[in-house]
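Heads up: the structure comes next, in structure tokens.
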Protein chains: 2
Amino acid sequence: MKMRNSYTCPLELTHDIIRGKWKPIILWQLGKGAASPSALQNDIVGIGQKMLLQQLGELQNFGMVQKEQYEGYPLKVKYSLTEKGERMLNIIAAMQEIGIELMKEDGREEFLKNKGLI
Amino acid sequence: MKMRNSYTCPLELTHDIIRGKWKPIILWQLGKGAASPSALQNDIVGIGQKMLLQQLGELQNFGMVQKEQYEGYPLKVKYSLTEKGERMLNIIAAMQEIGIELMKEDGREEFLKNKGLI
DNA sequence: CAGCATCCGATCTGATACTG
DNA sequence: CAGTATCAGATCGGATGCTG
């Protein structure tokens, strides 16, 4: 993910962190608790291994996510939110809330009901 | 801006709306009040006319921004936030806040002071 | 199972030139 | 001043195959 070389405004930093098609949803999933890559890939519809690991790596670089590795076979790895990540999750949660409202106003209650969101 | 064809989660809708390098900063600027394209271009460092108008158009399609036109020459146009846009601005403001905190923790107080943010 | 490298098409962005 | 068209380069995203 290409980042700005310099920032005009702190807003842009936050935007860089959650930019990328999958970052918000990854954070959202991790908000439910630590998870392995394969578990995440199961939970996030449509994501491939490459994008998942790539974006997890970027979130790690931003200090939003941390990785734990365990010895032995089969390999076991666990990703989880850092404290910064938890704070960023507040933004994600707010985005979810607005998304729900916008969908309601747009007559998409059906979708929301199917997801158990209303 | 390419949008998802279908959504798994309301979060993704919100993400689509603020995706794009300039959308958050445009909303932020409009949060200060209605503005003409040329005024916005002055206030947003580095943006070109094409990107500005393109992203304003997309924000309009999402119902976040509205446009007012006046008759006569020189042409005069004013963009402003809609009610939905105002609500989205809450997200943007939260992004700004987190961005400020992250920069502080990252030792970039200098930058923030120069901007008058702390 | 976790992770990396590579290739390729789809998108995004920006510069420039042009219209009303 | 506002807005559109076009073109080229940079970036992104996804599929596939390979390694430990």
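Lettering follows sequence order; numbering is per chain, from 1. Atoms considered below: every heavy atom in the structure, side chains included; atoms not considered: hydrogens, waters and symmetry mates.
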Can you name the atoms? Protein N/O to nucleotides 9-14 of chain C N/O, anything below 3.5 Å, with the distance.
unit_1: C:dT11; atom_1: OP1; unit_2: B:K2; atom_2: NZ; d: 3.3
unit_1: C:dC12; atom_1: OP1; unit_2: B:K2; atom_2: N; d: 2.7
unit_1: C:dC12; atom_1: OP2; unit_2: B:K2; atom_2: N; d: 3.1
unit_1: C:dT13; atom_1: OP1; unit_2: B:K21; atom_2: N; d: 3.1
unit_1: C:dG14; atom_1: OP1; unit_2: B:K21; atom_2: NZ; d: 2.7
unit_1: C:dG14; atom_1: OP2; unit_2: B:W22; atom_2: NE1; d: 2.9
unit_1: C:dG14; atom_1: N7; unit_2: B:K50; atom_2: NZ; d: 2.8
unit_1: C:dG14; atom_1: O6; unit_2: B:K50; atom_2: NZ; d: 2.1

Interatomic distance, CD@B:Q55 vs CD1@B:I25, rounded to 0.5 Å, equals 12.0 Å
As a check of understanding: the bend across the helix from C:dC1-D:dG20 to C:dG20-D:dC1, end axes from five pairs, rounded to 10 degrees, works out to 30°
B:K78 NZ - D:dC1 P separation (whole Å): 18 Å
Distance in Å, A:K23 NZ paired with A:L59 CG, rounded so as to fall on 0.5 Å steps: 5.5 Å
As a quick check of understanding, evaluate side-chain contact (heavy atoms from CB on, under 4.5 Å) for A:M88 and A:K84, giving each step before the final call. CA-CA 6 Å; A:M88 190 59 75; A:K84 283 185 189 176; over 6 Å; no
CG of A:L56 versus C1' of D:dG13: gap in Å, rounded? 16 Å
Looking at every heavy atom in both A:F111 and B:C9, which two are closest together, and how far apart are they? CZ-N, 3.8 Å
Against B:E12, only a single residue in B:T14, B:T8, B:D16 fulfils side-chain contact (heavy atoms from CB on, under 4.5 Å); can you say which? B:T8
Side-chain N or O of A:Y79 versus OP1/OP2 of C:dG3: is the shortest distance under 4.0 Å? yes
Could you state the atom-to-atom distance from CG of A:L75 to C1' of C:dC1 in whole Å? 6 Å
Short side-chain N/O contact from A:S36 to OP1 or OP2 of C:dA2, under 4.0 Å: yes
Do A:Q49 side-chain and C:dC4 base share a donor-acceptor contact under 3.5 Å? yes
Value in whole Å for how far the P atom of D:dC12 lies from CZ of B:R4: 15 Å
May I have the list of side-chain donor-acceptor pairs in residues 95-109 of chain B shorter than 3.5 Å, sequence neighbours left out?
unit_1: B:Q96; atom_1: OE1; unit_2: A:L11; atom_2: N; d: 3.1
unit_1: B:E101; atom_1: OE1; unit_2: A:R87; atom_2: NH1; d: 2.6
unit_1: B:E105; atom_1: OE1; unit_2: A:R87; atom_2: NH2; d: 3.1
unit_1: B:E105; atom_1: OE2; unit_2: A:R87; atom_2: NH1; d: 2.8
unit_1: B:E105; atom_1: OE2; unit_2: A:R87; atom_2: NH2; d: 3.0
unit_1: B:D106; atom_1: OD2; unit_2: B:R108; atom_2: NE; d: 3.3
unit_1: B:D106; atom_1: OD2; unit_2: B:R108; atom_2: NH2; d: 3.2

Side chain of A:Y73 only, please: which of C:dG3, D:dA2, D:dG20 is the nearest? D:dG20
Could you tell me the separation between the CG atom of A:N42 and the C1' atom of C:dA2, rounded to a whole number of Å? 14 Å
Specify the residues of residues 57-70 of chain A, ordered by number, for which at least one heavy atom lies under 4.0 angstrom from an atom of DNA chain C. A:K67
Check the distance between C:dA2's P and A:K76's NZ and give it to me in whole angstrom. 10 Å
Nearest-angstrom distance from the residue atom CG of A:N5 to P of D:dA10: 14 Å
Just how far, in rounded Å, is P of C:dC18 from CG of B:L53? 19 Å
Return all side-chain donor-acceptor pairs below 3.5 angstrom for residues 38-46 of chain A, not counting sequence neighbours, or 'none' if the list is empty.
unit_1: A:S38; atom_1: OG; unit_2: A:S36; atom_2: OG; d: 3.3
unit_1: A:N42; atom_1: ND2; unit_2: A:S38; atom_2: O; d: 3.4

Under the side-chain contact (heavy atoms from CB on, under 4.5 Å) criterion, do B:L30 and B:L89 qualify, and how do the steps go? CA-CA 9 Å; B:L30 289 179; B:L89 193 58; over 6 Å; no
Would you compute the distance between atom CD1 of B:I47 and atom CD of B:Q29 and round it to the nearest 0.5 angstrom? 10.0 Å
With no hydrogens and no angle check, is any side-chain donor or acceptor of B:H15 less than 3.5 Å from a backbone partner on A:I18? yes
Show me the side-chain donor-acceptor pairs of residues 68-81 of chain B shorter than 3.5 Å, one per line, residues at least two apart or across chains.
unit_1: B:Y70; atom_1: OH; unit_2: B:K78; atom_2: NZ; d: 3.2

Test B:F62 against B:M3 for side-chain contact (heavy atoms from CB on, under 4.5 Å), laying out the working first. CA-CA 11 Å; B:F62 279 117; B:M3 293 171 49; 3.6 Å; yes
